[in-house]
S.K.: 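Dropping the structure in here first, questions after.
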Amino acid sequence: MLEALTAPAPDKIIELMGLYAADPRADKLDLGVGVYKDAEGRTPIMRAVKAAEQRLWQEQTTKSYVGLLGDLGFVEAMRDLIFGAAVPAERVSGAQTPGGTGAVRQLLELARLANPEATVWYSDPTWPNHPAILKYLGIPSRTYRYFDAATRGVDFDGMIADLGAAKAGDVVLLHGCCHNPTGANPTFAEWQALTDLCLDRGLVPMIDLAYQGFGDGLDEDVAGVRHMAARVPELLLAASCSKNFGLYRDRVGAAFTVTADAGVTPLARGNLATLNRLNYSFPPDHGAKTVGIILTDPALRADWIAELEAMRQGMLTLRSGLAEALRRATNSDRFDFVATHRGMFSRLGATPAQVAALRAEHGVYMVGDSRINIAGLPAGGLDRLAAAIAAVGA
């Protein structure tokens, strides 16, 4: 049976990790893998996480199953963190999932159950797992223009024009903040225009929120999302705690639905529970319980927010520093956009050949589309990196 399998295409980022690990150069630089790193190149465990885990170890009395929807205290705390007071709680249903990827998968499954004819529209470019999951599930999909290669900003006119072809009931997949891979994000006014478009055309927004707190702040990063959720009748949202809580390996996420009225909420909740049962039965508890403790304890929450803010400010400092170093190295302002982007990523605009030259000649590793992880930048090596980018003609 297994001989009939075909070899899957290699994951480009995993492949890049292997190349980096095999490179013997001491001054090599990994800007490809999408995890937060501190100044020492580590992905740290946050202080509040350590404290909450210690409390969990001391107080937890059983390892029995949680419910199909996971830890409901965690789900409610995440609902409040994301939606605030924008939507009445009785219109929101939620389920704990294994990471943001699990939430994306469950919500796409839910959309297919609800409307098998719906097309899912996603940005060009987007996180590679979006089209991969859609293809695997056999869900019709199309792209909309998003990134302007000339300005390195959002091609909003192109985005609106392309979404004008979407039909009522189609799903529009949007990045909640800190767009991956470009780092370019819609303004609040553009979020308002997208909301109007969804209302006018009967489209269902689906938000992938993986970086809340990494852009302009915890509330600022979801201002557009909250505006949209408050106005549209239905909305899907996938949330991840990998980045803002540093819980990558613990796989902590949540899938949310906003229904047109409270009477439909139990139906959505029941289907989320069934999808969990059919996929992994019960989601893992440890990381979600840790997040729940942090979000409901005032002291731990305050410490988490302070550390998250320091991480955010650190990335902004690295952005400004790299933009300045590139201005000096290239004697131009064409890389100033790096300072205006938000989140962990920016796309430099280098060609695949230039990316290959950076790897071969300078030991600088980035994804082939020239996406770089801002959090992986060396604070003391920005001039060297800028000189390498200039040397390959990017």
Side-chain angles (χ1 to χ4, degrees), residues 33-38 42-84 89 92-106 176-178 208-214 217-219 221-222 237-256 272-273 276 279-312 314 344 375:
V33 180
V35 298
Y36 176 82
K37 297 179 182 178
D38 61 16
R42 300 171 303 159
T43 300
I45 301 175
M46 299 181 79
R47 296 186 301 266
V49 168
K50 278 283 193 183
E53 286 184 314
Q54 185 176 34
R55 182 183 303 178
L56 181 60
W57 176 76
Q58 290 173 333
E59 297 178 358
Q60 194 171 57
T61 59
T62 181
K63 292 292 185 182
S64 182
Y65 291 121
V66 293
L68 290 176
L69 293 170
D71 181 342
L72 295 183
F74 158 79
V75 172
E76 291 170 5
M78 287 294 293
R79 179 198 66 202
D80 294 344
L81 179 72
I82 296 164
F83 294 104
V92 182
S93 65
Q96 182 192 329
T97 60
T101 303
V104 168
R105 172 64 181 263
Q106 298 301 71
C177 63
C178 305
D208 189 352
L209 184 64
Y211 300 94
Q212 185 182 1
F214 266 33
L218 276 170
D219 290 326
D221 285 347
V222 289
L237 186 141
S240 170
C241 298
S242 293
K243 286 79 178 177
N244 54 8
F245 286 88
L247 291 169
Y248 294 91
R249 68 173 61 175
D250 285 348
R251 311 309 301 136
V252 186
F256 291 98
L272 285 174
N276 272 10
N279 195 341
Y280 39 76
S281 281
F282 305 98
D285 178 63
H286 180 87
K289 182 66 73 174
T290 299
V291 171
I293 290 172
I294 293 169
L295 291 179
T296 55
D297 181 284
L300 289 179
R301 185 185 180 110
D303 190 40
W304 166 67
I305 290 174
E307 188 167 4
L308 178 61
E309 179 64 11
M311 294 162 66
R312 186 183 76 86
M344 283 175 53

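In what follows, residues are counted from 1 in the order of the sequence shown. Predicted model, so just to flag it, every value in this text is computed and none were measured.
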S.K.: Determine whether more than 12 heavy atoms belonging to other residues, nucleotides or ligands lie under 6.0 Å from atom CD1 of I45.
M.R.: no
S.K.: Side chains of C177 and F214: closer than 4.5 Å at any heavy-atom pair?
M.R.: no
S.K.: For R42, enumerate each residue passing the side chain to side chain donor-acceptor pair (under 3.5 Å) test, keeping only those at least two apart in sequence or located in another chain.
M.R.: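 Expected list: D38.
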S.K.: Quick one, W304 with V49, criterion side chain to side chain contact (heavy atoms under 4.5 Å, CB included). Give me CA distance, side-chain angles, the key distance, then yes/no.
M.R.: CA-CA 8 Å; W304 166 67; V49 168; 5.8 Å; no
S.K.: What distance do I293 atom CD1 and E53 atom CD have between them, rounded to the nearest 0.5 Å?
M.R.: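 The distance works out to 9.0 Å.
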S.K.: Can you name the residues that form a side chain to side chain donor-acceptor pair (under 3.5 Å) with S93, not counting sequence neighbours?
M.R.: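 For S93, the residues satisfying side chain to side chain donor-acceptor pair (under 3.5 Å) (neighbours in sequence not counted) are T257.
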S.K.: Only pairs at least two apart or in different chains count here, so list each salt bridge (charged side-chain N to carboxylate O under 4.0 Å, His left out) that has a residue in residues 292-302.
M.R.: R55-D297
S.K.: For the atom pair CG (N276) and OG1 (T97), what is the distance rounded to the nearest 0.5 Å?
M.R.: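 Spacing of CG (N276) from OG1 (T97) equals 7.5 Å.
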S.K.: In Å, rounded to the nearest 0.5 Å, how long is the span from CG of D219 to CD1 of I82?
M.R.: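 If we round to the nearest 0.5 Å, D219:CG and I82:CD1 are 12.0 Å apart.
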S.K.: Once side-chain contact (heavy atoms from CB on, under 4.5 Å) is applied, do any residues pair with A375, and if so which ones, sequence neighbours excluded?
M.R.: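 So A375 forms a side-chain contact (heavy atoms from CB on, under 4.5 Å) with Y36, M315, N373.
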S.K.: Just to verify, what does S281 make a side chain to side chain donor-acceptor pair (under 3.5 Å) with, not counting sequence neighbours?
M.R.: R277
S.K.: Under the side-chain contact (heavy atoms from CB on, under 4.5 Å) test, which residues partner A273, sequence neighbours left out?
M.R.: L68, L69
S.K.: In sequence, state the C-alpha distance, the side-chain angles, and the governing distance for D221 and Y211, and then conclude on side chain to side chain contact (heavy atoms under 4.5 Å, CB included).
M.R.: CA-CA 8 Å; D221 285 347; Y211 300 94; over 6 Å; no
S.K.: Taking side-chain contact (heavy atoms from CB on, under 4.5 Å) as the test, write out the residues that go with N279, two or more places apart.
M.R.: R105, Q106
S.K.: Begin with the C-alpha distance, continue with both residues' side-chain angles, and end with the deciding distance and a verdict on side-chain hydrogen bond (donor to acceptor under 3.5 Å, both in side chains) for Q60 and D285.
M.R.: CA-CA 11 Å; Q60 194 171 57; D285 178 63; 3.2 Å; yes
S.K.: With sequence neighbours excluded, give me every ring pair (Phe, Tyr, Trp, His ring centres under 6.0 Å) pair touching residues 50-78.
M.R.: Y65-F282
S.K.: From R249 CZ over to H286 NE2, what is the distance, rounded to the nearest 0.5 angstrom?
M.R.: 11.0 Å
S.K.: How close do F256 and V92 get, heavy atom to heavy atom, and via which atoms?
M.R.: CD2-CG1, 3.8 Å
S.K.: How close do P283 and V66 get, heavy atom to heavy atom, and via which atoms?
M.R.: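 P283 and V66 have their closest heavy atoms at O-CG2, 3.8 Å.
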S.K.: Can you list the residues that meet the salt bridge (charged side-chain N to carboxylate O under 4.0 Å, His left out) rule with D303, with sequence neighbours excluded?
M.R.: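 Once residues adjacent in sequence are excluded, the partners of D303 under the salt bridge (charged side-chain N to carboxylate O under 4.0 Å, His left out) criterion are R47.
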S.K.: First locate atom CZ of R312, then atom CE of M344, and finally report the distance between them rounded to the nearest 0.5 Å.
M.R.: 15.0 Å
S.K.: Identify every side-chain donor-acceptor pair in residues 239-247 under 3.5 Å, counting partners at least two apart or on other chains, and give the distances.
M.R.:
from	atom 1	to	atom 2	distance (Å)
S240	OG	S242	N	3.1
S240	OG	S242	OG	3.4
S242	OG	R251	NH1	3.4
N244	ND2	Q212	O	3.0

S.K.: What is the minimum heavy-atom distance between A52 and I294, and which atoms define it?
M.R.: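 Closest heavy-atom pair between A52 and I294: CB-CG1, 3.8 Å.
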S.K.: Hey, mind stepping through M78 and L81 against side chain to side chain contact (heavy atoms under 4.5 Å, CB included) and telling me if it holds?
M.R.: CA-CA 5 Å; M78 287 294 293; L81 179 72; 4.2 Å; yes
S.K.: Taking all atoms of both residues into account, what is the closest heavy-atom pair of A103 and A254, and its distance?
M.R.: CB-O, 3.4 Å
S.K.: One pair to check against side chain to side chain contact (heavy atoms under 4.5 Å, CB included): D250 and T290. What are the steps and the verdict?
M.R.: CA-CA 10 Å; D250 285 348; T290 299; 5.8 Å; no
S.K.: Quick one: side chain to side chain donor-acceptor pair (under 3.5 Å) pairs with a partner in residues 70-79, sequence neighbours left out?
M.R.: D71-K289
